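Since this is a predicted model, take the numbers as computed values, not measurements. Each ligand, and each atom within it, is numbered from 1 in the order the structure gives. For this chain, numbers begin at 1 and follow the sequence in order.
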Amino acid sequence: MKVYFIGAGPGDPELITIKGARIIEEAQVIIYAGSLVNPAVLQYAREGTEIHNSATMTLEEVLKVTLEAVEDGKTVARIHTGDPSIYGAIQEQMDALDEHGVQYEVIPGVSSFVAAAAALKQEYTLPGVTQTVILTRMEGRTPVPEKESIASLAGHQATMCIFLSVGMIDSLVKELRQGYPADTPVMVVQKASWPDEVIVRGTLEDIAQRVVKAGIGKTAMIVVGDIFRGEYEKSKLYDAGFTHEYRVGR
Ligand code: SAH
């Protein structure tokens, strides 16, 4: 009689948490974001589970299905792609459940920005390069506050992971160029962790052409920054001359 918001992970059905998979198995009603969630995660569901694809539903319809199920004493698994806290539109659902006095829990997931790092075999926070990761997007139908413009965020020259924007790569690159030098590396990972994952590598100068040439128009993570230059300082954590709580000097 509870609602679980579950992060399904970026695509690979093995990248859902054990807890998320267990709750999918236990749920009587599943509502999944079919536009991005890999239907393969539904393999964890029991036969006969009621399954809805929210891609064709409004918020009201999702809430109606959820509330009716809860009223019938059922457990609902609401499955979002990646981690639901990032562009997941779960706040409005949680707030509506609060209004109705319905209990819920959130099970985190592997967000696509970390799945992209795994695909690229790249650390985002390198000593001597940057210690900051910015998650953002270009403005689409959802507005982005003016003080978070890509140009102003680019000024930090941190690692930037840009969601929901590959379709606007030309204007994105123009904005990024206002903060990063033209030779800054840019990686584009389409469908990270899916069998048809594609990686396109370039710089701010040529990435837009490369992305168009590769035919990448959606479901891609754009990662920008000096971390890809291959120059950094070794970490202090494993430095033999550096002691800490778990390793004293020898
Ligand atoms: N909550 C999700 C993000 C939803 S917004 C998460 O945590 O990942 C949808 C955007 O996420 C897409 O436009 C794309 O930028 C990114 N995305 C989602 N899955 C992806 C994947 N497997 N590979 C690359 N980018 C992905």
Trainee: Within less than 4.0 angstrom of ligand 1, does Lys191 place any heavy atom?
Mentor: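 The answer is yes, since Lys191 has a heavy atom less than 4.0 Å from ligand 1.
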Trainee: Which residue and non-hydrogen atom of the protein lie closest to atom 9 (C) of ligand 1, and at what distance in Å?
Mentor: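 Answer for atom 9 (C) of ligand 1: Leu36 CD1, 3.4 Å.
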Trainee: What is the nearest protein non-hydrogen atom to atom 6 (C) of ligand 1, stated with its residue, atom name and distance?
Mentor: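 Looking at atom 6 (C) of ligand 1, the protein heavy atom closest to it is Ser111 OG, 3.4 Å.
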Trainee: Pair Asp206, Arg201 - check salt bridge (charged side-chain N to carboxylate O under 4.0 Å, His left out), show working.
Mentor: CA-CA 9 Å; Asp206 61 14; Arg201 296 179 164 84; over 6 Å; no
Trainee: Going through the checks in order, is the side-chain contact (heavy atoms from CB on, under 4.5 Å) test met by Ile51 and Tyr32?
Mentor: CA-CA 8 Å; Ile51 298 179; Tyr32 75 106; 3.7 Å; yes
Trainee: Hey, can you tell me if Phe113 and Tyr124 have their rings parallel, tilted or perpendicular (30° and 60° cut-offs)?
Mentor: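 Judged by the thresholds at 30° and 60°, the geometry between Phe113 and Tyr124 is parallel.
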Trainee: Salt bridge (charged side-chain N to carboxylate O under 4.0 Å, His left out) between Lys64 and Glu60: does it pass, once the steps are laid out?
Mentor: CA-CA 6 Å; Lys64 188 164 177 280; Glu60 284 68 33; over 6 Å; no
Trainee: If you measure from each non-hydrogen atom of Ser85 to ligand 1, which part falls under 4.0 Å: side chain, backbone, both or neither?
Mentor: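 None of Ser85 does.
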Trainee: Would you mind listing which atoms of ligand 1 come within a distance below 4.0 Å of any non-hydrogen atom of Gly82?
Mentor: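 Atoms satisfying the 4.0 Å criterion: 6 (C), 7 (O), 8 (O).
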Trainee: Can you list the atoms of ligand 1 that are under 4.0 Å from a heavy atom of Trp194?
Mentor: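 Answer for ligand 1: 22 (N).
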Trainee: Run the numbers for me: atoms of ligand 1, each under 4.0 Å from some heavy atom of Tyr87, listed by number.
Mentor: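 It comes down to these atoms of ligand 1: 4 (C), 5 (S).
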Trainee: May I ask you to identify, for Phe113, whether its side chain, its backbone, both or neither come under 4.0 Å of ligand 1 on a heavy-atom basis?
Mentor: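 Looking at Phe113 and ligand 1, no heavy atom falls under 4.0 Å.
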Trainee: What's the shortest distance from atom 23 (N) of ligand 1 to any protein heavy atom, and which residue and atom give it?
Mentor: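 Minimum-distance protein heavy atom for atom 23 (N) of ligand 1 reads Ala192 N, 2.8 Å.
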Trainee: Run the contact test for Ala220 against ligand 1 with a 4.0 Å cut-off on heavy atoms, strictly below, and give the result.
Mentor: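 Yes, Ala220 has a heavy atom closer than 4.0 Å to ligand 1.
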Trainee: Take Glu105 and Lys2 through the test side-chain contact (heavy atoms from CB on, under 4.5 Å) and record every step on the way to the result.
Mentor: CA-CA 8 Å; Glu105 205 176 303; Lys2 202 167 166 185; 2.8 Å; yes
Trainee: Which protein heavy atom lies closest to atom 1 (N) of ligand 1, and at what distance to 0.1 Å?
Mentor: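 Among all protein heavy atoms, the one nearest atom 1 (N) of ligand 1 is Ile86 O, 2.7 Å.
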Trainee: Between Val189 and ligand 1, find which residue part has any heavy-atom pair under 4.0 Å and reply side chain, backbone, both or neither.
Mentor: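 Just the backbone.
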Trainee: Going by atom types alone, do Thr17 and Arg22 pair a side-chain donor with an acceptor below 3.5 Å?
Mentor: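 Checked: Thr17/Arg22 side chains show no N/O donor-acceptor pair below 3.5 Å.
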Trainee: Find out whether Thr159 and Val129 are in side-chain contact, i.e. whether some heavy atom of one side chain is under 4.5 Å from a heavy atom of the other.
Mentor: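 Not touching, per the 4.5 Å side-chain cut-off.
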Trainee: How about Tyr232 and Asp226: does a side-chain donor come under 3.5 Å of a side-chain acceptor?
Mentor: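 Not at all, the side chains of Tyr232 and Asp226 share no donor-acceptor pair under 3.5 Å.
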Trainee: Below 4.0 angstrom from a heavy atom of Asp83, which ligand 1 atoms are there? Numbered from 1 as shown, please.
Mentor: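 This gives 1 (N), 6 (C), 7 (O) as the contact atoms.
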Trainee: Identify, for atom 11 (O) of ligand 1, the protein heavy atom at the shortest distance, and state residue, atom and that distance.
Mentor: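 Among all protein heavy atoms, the one nearest atom 11 (O) of ligand 1 is Phe163 CD2, 3.5 Å.
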Trainee: In the protein, which heavy atom is nearest to atom 2 (C) of ligand 1, and how far is it?
Mentor: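 Of every protein heavy atom, Thr81 O, 3.4 Å lies nearest to atom 2 (C) of ligand 1.
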Trainee: side-chain contact (heavy atoms from CB on, under 4.5 Å) for Leu97 and Gln103? Distances and angles first, verdict last.
Mentor: CA-CA 7 Å; Leu97 294 184; Gln103 286 194 342; over 6 Å; no
Trainee: For ligand 1, is there an N or O atom under 3.5 Å from any N or O atom of Gly88?
Mentor: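 Checking ligand 1 against Gly88, no N or O pair falls under 3.5 Å apart.
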Trainee: Just to confirm my output: which protein heavy-atom neighbour is closest to atom 20 (C) of ligand 1, and how far is it?
Mentor: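 That would be Ser112 CB, 3.3 Å.
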Trainee: Against the six-membered ring of Tyr87, is Arg137 placed for a cation-pi contact (under 6.0 Å from the centre, within 45° of the normal)?
Mentor: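 Checked: cation-pi criterion met.
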Trainee: Looking at Glu26 and Lys74, is any side-chain nitrogen of the basic one under 4.0 Å from a carboxylate oxygen of the acidic one?
Mentor: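 Result for this pair is no, no salt bridge flagged.
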